[in-house]
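All residue numbers in this chain count up from 1 along the given sequence.
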Amino acid sequence: MSPMITSILILNLATGTIITMASFHWLLAWMGLELNTLAILPIISKSHHPRATEASTKYFLTQAAASALILFSSVMNAQTTGQWSILQLEDPLAQTLLTMALAMKLGLAPAHFWLPEVLQGSSFKTGLIIITWQKLAPMTLLLLTWNQASMLTLTMMGSLSVIVGGLGGLNQTQLRKIIAFSSIAHLGWMATIITKSNKLALLNLTMYILISTPMMLSLIFSSTKTTQDLTTTWTTSPMLAPLTMMTLLSLGGLPPLSGFMPKWLTLEELLTQNMALLATVLAMSTLLSLFFYLRLSYSMSVTMSPSPTKISSKWRLKPDTSALPLSITLPPSILALPLTPLMKP
């Protein structure tokens with residue numbers, strides 16, 4: 001793919017998300033979502049591999065169905081209320097349909113089956129776009145309608161997503177599928193808390209993007225695709241290996257790293273609103289995600305201090321500069337916990 005075509009696609013990708021985020025009319029929001037979907041399809045399938053073509057097809061069918069459902073729910077609401085404002089979603093059936101459509105776009109359970117398959121068929125760079133930038137537009141619509149969306153539907157889908165995300169990643173060896181199930185679990189936390197506190201949902205999304213970005217960049221720089229590849233990261237990039245390990249632990253929510261902060265505040269808010277059972281389910285389910293991140297980190301730590309006589313010294317031939325591009329994005333992903341008192345709503 002030529003650089004000019006890539007630039008045009010990325011520009012359309014950004015434009016579609018910005019149109020959706022800036023609109024208060026359902027048709028404009030729908031147009032932004034469609035532009036966003038059409039721009040990402042050639043990026044997913046640019047390698048012309050059968051898995052990439054399959055991934056782009058699955059992504060298109062899922063997103064097109066969700067967009068059609070969004071348009072249908074907005075038409076139903078317009079027939080009932082006589083206006084197209086996003087902030088005036090009053091029809092109960094339209095609220096439920098919109099919630100399900102946005103959940104399908106995000107990848108919440110039980111409409112999550114497309115996300116692991118699409119990520120596995122995409123490159124890591126494309127996967128980074130899918131799990132970060134592509135979540136902004138649907139999450140913006142959820143944040144705009146947080147006090148009008150179906151609370152029961154979002155809570156059930158959110159708690160189910162945390163459970164499915166934890167269970168689904170346990171038996172995976174492909175890092176892209178592990179990242180996909182982790183994304184499902186994190187989206188479950190956002191969906192669960194968004195009807196109780198939209199500020200905490202925004203904090204969850206921000207921290208997830210801040211942690212996922214350096215983690216994906218470190219995997220791209222080290223050309224790591226499976227759990228077995230993690231065991232050889234130290235021999236090729238000794239500076240990058242411990243940083244990747246800390247980022248993985250932070251994404252799992254291990255204290256005192258940054259990933260623990262949104263989970264801590266979310267559980268505190270649920271307990272404040274007398275939802276102890278839901279908080280217990282989320283806390284127990286996130287231990288499953290933390291387990292496979294601990295397993296990944298352990299597989300890296302075992303080989304970080306091997307015997308000098310048994311390793312290859314190829315990384316000593318040139319300075320290791322692979323960790324330098326992460327110097328800006330890494331600190332907030334692992335060192336933001338002291339800012340917790342400032343983040344309370």
Side-chain angles (χ1 to χ4, degrees), residues 51 115-128 130-132 165-186 208-255 257-260 286-327 329-331 333-335:
R51 288 298 300 270
L115 186 56
E117 298 298 326
V118 169
L119 276 189
Q120 183 61 31
S122 309
S123 64
F124 271 94
K125 293 179 182 179
T126 307
L128 176 60
I130 292 174
I131 67 173
T132 55
L167 291 174
L170 288 178
N171 62 339
Q172 301 295 332
T173 58
Q174 295 290 328
L175 291 179
R176 280 171 288 191
K177 284 198 173 182
I178 292 177
I179 292 167
F181 282 108
S182 174
S183 177
I184 294 169
H186 281 84
Y208 172 69
I209 293 176
L210 286 177
I211 298 173
S212 296
T213 301
M215 184 200 65
M216 292 291 286
L217 290 177
S218 63
L219 296 178
I220 292 171
F221 292 146
S222 58
S223 300
T224 305
K225 296 182 179 180
T226 63
T227 54
Q228 186 176 4
D229 295 338
L230 284 175
T231 60
T232 60
T233 303
W234 184 84
T235 59
T236 57
S237 182
M239 287 182 61
L240 191 61
L243 299 180
T244 304
M245 185 175 67
M246 293 185 67
T247 309
L248 288 171
L249 293 176
S250 180
L251 192 62
L254 184 71
L257 300 174
S258 301
F260 178 65
T286 198
L287 292 178
L288 298 172
S289 301
L290 181 59
F291 171 75
F292 59 72
Y293 278 118
L294 283 172
R295 185 180 63 184
L296 294 178
S297 302
Y298 177 75
S299 65
M300 295 182 66
S301 63
V302 168
T303 57
M304 282 179 61
S305 299
S307 173
T309 60
K310 296 181 180 180
I311 64 170
S312 172
S313 59
K314 57 183 176 180
W315 59 269
R316 301 178 189 274
L317 300 178
K318 59 181 180 179
D320 177 29
T321 59
S322 57
L324 295 180
L326 302 179
S327 58
T329 57
L330 188 66
S333 69
I334 61 177
L335 302 175

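Considering every non-hydrogen atom in both Ser297 and Leu248, the closest pair reads OG-CB, 3.9 Å. When every heavy atom of Leu128 is checked against every heavy atom of Thr213, the shortest pair comes out as CD1-CA, 3.9 Å. Between Ser212 and Ile131, the closest heavy-atom pair is CB-CD1, 4.2 Å. Counting all heavy atoms, side chain and backbone alike, Gly166 lies closest to Phe292 at O-CE2, 3.7 Å.
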Just list the side-chain donor-acceptor pairs under 3.5 Å for residues 168-185, sequence neighbours left out, or say none.
| unit_1 | atom_1 | unit_2 | atom_2 | d |
| --- | --- | --- | --- | --- |
| Gln172 | NE2 | Gly168 | O | 3.4 |
| Gln174 | OE1 | Gln120 | NE2 | 3.4 |
| Arg176 | NH1 | Ser122 | O | 2.7 |
| Ser182 | OG | His186 | ND1 | 3.4 |
| Ser182 | OG | Tyr293 | OH | 2.7 |
| Ser183 | OG | Tyr208 | OH | 3.2 |

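Taking the side-chain hydrogen bond (donor to acceptor under 3.5 Å, both in side chains) definition, one finds that Thr126 meets it with Ser123, sequence neighbours left out. Residues forming a side chain to side chain contact (heavy atoms under 4.5 Å, CB included) with Leu290 (at least two apart in sequence, or on another chain): Leu254, Leu287, Leu294. Under the rule for a side-chain hydrogen bond (donor to acceptor under 3.5 Å, both in side chains), the partners of Thr224 that lie at least two apart in sequence or sit in another chain are Ser222.
Within the structure, no pair that satisfies the salt bridge (Lys or Arg N to Asp or Glu O under 4.0 Å) test touches residues 218-240, not counting sequence neighbours.
Between atom CG of residue Leu119 and atom CZ of residue Phe124 there is a gap of 9.0 Å, rounded to the nearest 0.5 Å. Interatomic distance, CG of Leu251 versus OG of Ser258, reported as 11.0 Å (0.5 Å rounding). Atoms CZ and CG, from Phe291 and Leu296 in turn, are 10.0 Å apart once rounded to the nearest 0.5 Å.
When the options Ile211, Leu219, Leu217, Leu257 are evaluated for a side-chain contact (heavy atoms from CB on, under 4.5 Å) with Thr247, the one that passes is Ile211.
With hydrogens and angles ignored, the 3.5 Å screen pairs a side-chain donor or acceptor of Ser218 with a backbone N or O of Met215. Without hydrogens or angle criteria, Ser250 side chain to Gly259 main chain gives a donor-acceptor distance under 3.5 Å.
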